[in-house]
Each structure stands twice: as C-alpha cells, then as structure tokens.
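Reminder, nothing fancy here: chain letters follow the sequence lines and each chain counts from 1.
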Amino acid sequence: MNHAKKSREFLKDSSYAKWHDEALWYVREKRDRATAEVKEFEQLREAAQKIKEYTLKHLGYYLEQFEENATKNGIVVHWAQDAKEHNKIVEQILKNAKAKLIVKSKSMLTEECGLNSHLEDSGYTIIDTDLGERIVQLRGEAPSHIVLPAIHLKKEQIGKLFEEKLNSQKGNFDPTYLTSVARDNLREKFLTADAAITGANFAVAKSGSIVVCTNEGNADLGTSLAKTHIVSMGIEKIIPSLRDLGVFTRVLARSATGQAITTYTSHFKVPSIGKELHVVIVDNQRSSILNSDNQSALSCIRCGACMNTCPVYRRSGGHSYSYTIPGPIGSILGAFRELKDDGDLAYACTLCASCDNVCPVKIPIHNHLYSFRKEYVKSSYMPKFKLLAYKSAAKLMQNRAIFNRIVRFSKYSNPLLNRLSLWGKGRDMPKPAKKSFREWYDEQE
Amino acid sequence: MMSKSKILSCLNCNEPRDELIYSISTQEPESLKKSFTDALELAGGEFLESKEESLESTLQELTSKSVASSYNYKVTTINPNAIDNTLDLSKLDCAIVEAKFGVAENGAVWINEEDNINRAIYTIVNHLIVILKGEIVPTMLEAYELIEYEDFNYGLFISGPSKTADIEQTLVIGAHGAKKTTVVLVAS
Ligand code: SF4
C-alpha cells in the first residue's frame, strides 16, 4: 500500500490524528527551547555538517584507521556488504559464543537488516530492551519513529498489552507504573542474557572506540552483564576524533528530545577482561548513496527532528511510510533504494523545508525529495493518470492566454474542484482573490 | 576479507590532504557551578556539596543498605570487583563512584575508573552516588579536549538518573539504570 492510502487510514480517526500531531509538535517545541538556549547553536550545526562531509569524503581512510585502532584495543572488526551478510556474521558470533538469549538496545540498522526475525528463525531469543522498542516488539510491529518507537500508541493500548503479555494490574495505565513493570520484566532478561547487541551513534577512528547514547541505560546494563557485545554500525557512523564528539553531543539530544544531553553517553574502547567486543561494519548500499547526488543523506545522525517537525509525518504516522526509517530522511533513503516501491515517498512532502531548518547536520532534505520527484516522473513507476494530469497542467500553465482565463474562472472552478476532483479529496484549492494580479495591474495608471 | 576490500574499493582510502577546520565560540556562563547544578536538576539528578573532611558523614546520610565502591569509604560494604555473580550485583542498593570532571551545560559527569573493572555498577544499582573532585568545564567541547588524550577502556558521561518518556511522552525516572543519581561536589 502506498503512503497516500495508508495516511488515509491513519486520518480516519480524526481525534487520534490530532493527538498524534500534537504529541510530535510538543517534541519539536522542546527542541526549539533547548536549541535557543545555546547561542552558538548555528555554529555547531555548521561544524557538524562540515565534520560529516569531510569524513564522508575520506570515508575509506577513516574506516581503515578505525579498524586498525579498534583491533589494537582488542575489538574484533567484521565487514558486511549487505543485510544478509550482516545477519550471517552476527549469527556466527552468537554461535561461537554459545549464546541463546540476546538483549538488544536501539539500532535502526538491525531493523533495516531484519536481524530479529533472522535470529528468531534460527532459534535464538532476542529481546529489545529500549522501552519503546520493547512495546512495539510485544505488539509484533515495527517502530513508528526512530527516537520514539511507540509514539503512535496511547497509554491505554500499552496498558492492555502489558496486562496480556506481562501480567500487569488490570486497568492501571499509569506510565510510571507501566515503566516499572517493564523494568522488572527486563531486569530478568538482562541478568541472564548471553550476548548484547547495540547500535553505534558514533565510531571514532583515532581512538578505535564506539559511542552509544541512551536515556534508559539499557545499552550499558546489557553490555556490562553479557559476555559478548556485538555492535552493528553503518559505514557512515565514523568520525575522525574524540574532539569532534564535542560538537555532536551538543546537538544530538537537543535536536532529538530537547534534552541538553542523553543520560548516558558511553564510550566502549577495550572489552572487559574475559569478554568479547565485536563490531560489524555494514555497507548495504551506503557506498552507492555516497557516490550519488544524495551523498549528504549519509550525514544523518538519526535525531528524528525532521520527523517531529514534518507536517506530513505528524499527520500520517510512521507506519504510513513503506521504508524502515520513516519521515523525511527515510523517504530519501527509501526512494534511493527502491524507486519503484518507495518512490511515492518523495510526494509525502509539502516541500516546506521545515526539516532542513531543524536538521542538526544541515542536510538539504527537501531538495533531495524534490529531485526524487523528478526521477519518479521520468521513471515508468509513476501512475499514468497522475502523469497525464501533470503534463496537462504544465501545458496550461505555459500558455499565458489559457492560464489567464483559468485564473479568471477560478472563483467558480476552485470550489467545484474541491468537491469533485481527486485533488480536492483531503485538501482545498486556494481561495482565489477577487481580482487577479494582471487585472489589478491593468487598472493602475 | 573479500567484503572489506569490496566495500573499501568504492570509497576514498587515501590519506586526506585537506584539513578539517571548524571553530566555535562558546559562551561561558557566569557561574559554572550554578549552571551545572541547574542542568543536573533539570536532568532529574540531585546535587550536594561537601567539604573533604565531612565527606564521610555526607555519605553516611546518603546511604543505607549495601554500598559498592572500589574506594574505602566507611559506608562501603563491598568492592564491586569482588562480585562475579550477576545476581549478587543486582541486589546492590547503592554505588559510590568518582568522576573526573563535570560539564556545566548539561550536568553530566565524566566517569573513567581504571580501577573498577565491573562496569555494571553504573547502571545496576538503585542509587548512584558520584563524587566529583575535579573541575567543571563549560561545554562538551572543553570536555572532549580533556578526554582526547586520556587513556580509557570504558568511559561514560552520566547526566542524572536513567529515564524514559516512551509512554505518551510522560517523563518517568528509573528506566533500566539508576533511579536516583546524586553528585557530591567536594570542595577542595
Ligand atoms: S536527517 Fe537530520 S533531522 Fe532528520 S534524523 Fe537525520 S540528522 Fe535528524
């Protein structure tokens, strides 16, 4: 199902849609307050953009430097060209470690690779430990947001889910209570897990270390108790040195949730005595993005700010997007990978550019989406009737005489179009002014 | 190995000739200590000040049951390095750890304890007490300048107690890590 259809489903319950819209706008406002407090925030965004651009330009060099230093530190580095290879490597590590129960903290890459279902099919038990991710895992669905995985759910829905799956008190929907139920349940898993999987927010080439940011402490608790720690990271997570983290740790949480910093910013460099630390570096088409016009999309630090601000995301929900990562940045990545199936995501956008303005690494997100529209139109995937409509509109607009007539006629035709045309479903044609500019202009002395 | 060379063959592996240059002018707050306490409290943490000579009695007031620490405070009941059973670890109520420095803009403290090999104590206890004897730096930029040449195996910034807002954006303190974090600034 394409984005437009799924959004229609989402919008059926208008009070729910409004609630969702407001929940995300609330996060956006927190972001605004937090960033306004830092006078040099714009300088930080520029620096963050520069560091990412520079590293991407020399990505091979820094990846090799990372591998060399990480290996010196006692980390085992693996390389995977695609999702399949990534999953195979992770499974082999788990097999060697004789692991059965695995706790995992947030990692969008493992979602992208479909790691959970791969491991479950092979008989492993894998538990997502981030509260939001645990909730969606128990519901058997995907996260609807990269930072707030369960933002689409109301506490009553979560309470009922916990009643059924975690034996919580009937009718108790208090978030504090529900969180404590999840904490107790997951504590047991943490204490008995054989291996812990985490993502990486950053990988530092010069020190050969991995940085993970969480609020809950699940990455630290999981990795410190289990014997084996596996990090899944995309090739684009590299930054040159620790010094650069000064910039990113100042912008990440402020952009994401409006906090000055996440509760935990953890640096894994040398594994504990008797324990193993593996890093799987994954390409999975990132190198193709790097060598395309969409390179800057790889600068993304997954803060989620572009989702919170997006008027389309807020009113359609993360599950309306066909790619793993929803929202503006996900639409770029999705359209790049599968123009046929995900190319329509380029239209899940009003081109308002609000995302560009909040992005901490200054990715020109809406420009990318606009260029995918052009590609989509040129491809054979565009629905025929849409193409026809676009072409006719272009013809009409290029002909001044016809265009003027349309403008004059619009006070009658627009209300009609609102009612009758496909375009008018779910949106309104603009209200025409009493006089067109040309009419007004001709009247002037 | 194959995959490594295939991935690298699509990327630029040459040593950079150009330099990465950026500069940021940070605004230093009037009082580093005040910014630090404000930010820490906003992050849900508690702040205390203690003189070196009254530290023991401060800790006595803060703690009750089992106290893990690799430092020999009077209240210490066990050295975490002596515990190798995860179940015993999970019964600990409190841990006392030391931070190298604090960060004014966000109330975070940098913890890198070479002597402590048991990394679970930072998150597994209910109450984490952090002794801060070092300086407070304005922002993370100055923080990483200090860390850049530091040697560490595992180090972390902690700002307040563990928290989540995953259920309807309601802030709940005590997700998986410590439910309470107290920073004790020791005046030198
Ligand atoms: S594209 Fe920018 S705003 Fe969106 S998640 Fe990535 S870093 Fe954040």
Side-chain angles (χ1 to χ4, degrees), chain A residues 23 26 39-40 43-44 47 50-51 54 57-61 63-64 79-81 85 129 131-132 135 148 150 154-155 158 175-176 178-179 183 186-187 191 215-218 220-221 224-225 235 240-243 245-246 249-250 260-261 263-270 272-273 283 287 291, chain B residues 3-4 6-8 10-16 18 20 22 24-27 39 42-43 86-87 90 105-108 117-120 122-124 139-145 147-148 152-170 172 174-178:
Chain A
Y26 171 69
K39 301 271 175 307
E40 63 273 22
Q43 288 178 36
L44 288 167
K50 251 195 203 160
I51 299 166
Y54 179 86
K57 196 167 138 203
H58 306 287
L59 194 56
Y61 174 79
L63 276 168
E64 283 194 296
W79 301 75
Q81 280 185 78
E85 194 178 4
T129 56
L131 178 61
I135 292 168
L148 316 156
K154 294 203 165 186
K155 58 178 187 249
I158 298 167
T176 306
L178 294 173
T179 304
R183 176 182 166 111
L186 287 165
R187 249 315 146 95
L191 292 173
N215 275 323
E216 299 187 4
N218 51 329
D220 295 277
L221 189 56
S224 59
L225 292 174
I235 53 171
S241 81
L242 281 166
R243 176 175 168 255
L245 278 173
T249 51
R250 296 194 74 193
I261 191 167
T263 305
Y264 304 93
T265 306
S266 312
H267 300 61
F268 299 93
K269 188 167 159 193
V270 178
S272 299
I273 300 161
D283 182 341
S287 53
N291 296 317
Chain B
S3 297
K4 176 185 168 182
K6 276 205 181 139
I7 294 170
L8 289 177
C10 314
L11 309 172
N12 175 11
C13 294
N14 300 326
E15 194 172 336
D18 53 336
L20 171 60
Y22 56 88
I24 292 137
S25 41
T26 48
Q27 311 248 337
L42 200 67
T86 50
L87 216 66
S90 73
E105 69 167 333
N106 55 27
I117 51 165
N118 200 330
R119 298 175 182 179
Y122 304 114
T123 40
I124 205 163
T139 76
M140 294 306 284
L141 296 169
E142 294 80 12
Y144 277 103
E145 270 169 29
I147 299 172
E148 185 149 24
F152 65 89
N153 293 339
Y154 166 73
L156 72 171
F157 283 100
I158 297 184
S159 164
S162 148
K163 54 185 95 59
T164 181
D166 275 349
I167 302 177
E168 281 201 10
Q169 286 298 297
T170 311
V172 179
H176 295 302

Classify the ring geometry of B:Phe152 against A:His267: parallel below 30°, tilted from 30° to 60°, perpendicular beyond 60°. perpendicular
When heavy-atom pairs shorter than 4.5 Å are enumerated against chain B, which of A:Leu191, A:Leu59, A:Leu148 gives the highest number? A:Leu191
Where on B:Glu145 is there a heavy atom nearer than 4.5 Å to chain A: the side chain, the backbone, both, or neither? neither
Looking at A:Gly217, A:Ser224, A:Pro240, which has the largest count of heavy-atom pairs under 4.5 Å with chain B? A:Ser224
Name the region of B:Ala120, side chain, backbone, both or neither, that has any atom closer than 4.5 Å to a heavy atom of chain A. both
Measuring from A:Asp220:CG to B:Thr123:OG1, what's the distance to the nearest 0.5 Å? 5.5 Å
Counting only non-hydrogen atoms closer than 4.5 Å, does B:Leu141 touch chain A with its backbone (N, CA, C, O), its side chain (CB onward), both, or neither? both
What pair of heavy atoms forms the shortest contact from B:His176 to A:Leu186, and how long is it? CE1-CD1, 3.4 Å
So what's closer than 4.5 Å to chain B heavy atoms on A:Asn291: side chain, backbone, both or neither? side chain
My understanding is that only one of A:Thr249, A:Thr265, A:Ile261 makes a side-chain contact (heavy atoms from CB on, under 4.5 Å) with B:Asn106; could you say which? A:Ile261
Which bit of A:Leu221 is near chain B, if near means a heavy-atom gap under 4.5 Å: side chain, backbone, both or neither? both
With chain B, the option among A:Ile273, A:Asn218, A:Leu245 that has the most non-hydrogen atom pairs under 4.5 Å is A:Leu245
Rounded to the nearest 0.5 Å, what separation is found between the CD1 atom of B:Ile7 and the CG atom of A:Asp283? 5.0 Å
Stepwise salt bridge (Lys or Arg N to Asp or Glu O under 4.0 Å) check, A:Lys57 with B:Asp18: CA-CA 10 Å; A:Lys57 196 167 138 203; B:Asp18 53 336; 2.6 Å; yes
Which bit of A:Leu131 comes within less than 4.5 Å of chain B, counting heavy atoms only: side chain, backbone, both or neither? both
Side chain, backbone, both or neither: which part of A:Leu63 has an atom under 4.5 Å from a heavy atom of chain B? side chain
So which part of A:Tyr264 gets closer than 4.5 Å to some heavy atom of chain B, the side chain, the backbone, both or neither? both
Can you say whether A:Ile51 sits under 4.5 Å from chain B via the side chain, the backbone, both, or neither, judging by heavy atoms? both
Residue among A:Gln43, A:Lys269, A:Glu216 with most heavy-atom pairs under 4.5 Å to chain B: A:Glu216
Residue part contacting chain A, namely of B:Asn118, when any heavy atom lies under 4.5 Å: neither
So which part of A:Ile158 gets closer than 4.5 Å to some heavy atom of chain B, the side chain, the backbone, both or neither? side chain
Heavy-atom pairs under 4.5 Å with chain B - which of A:Ser272, A:Ala260, A:Ala47 has more of them than the others? A:Ser272
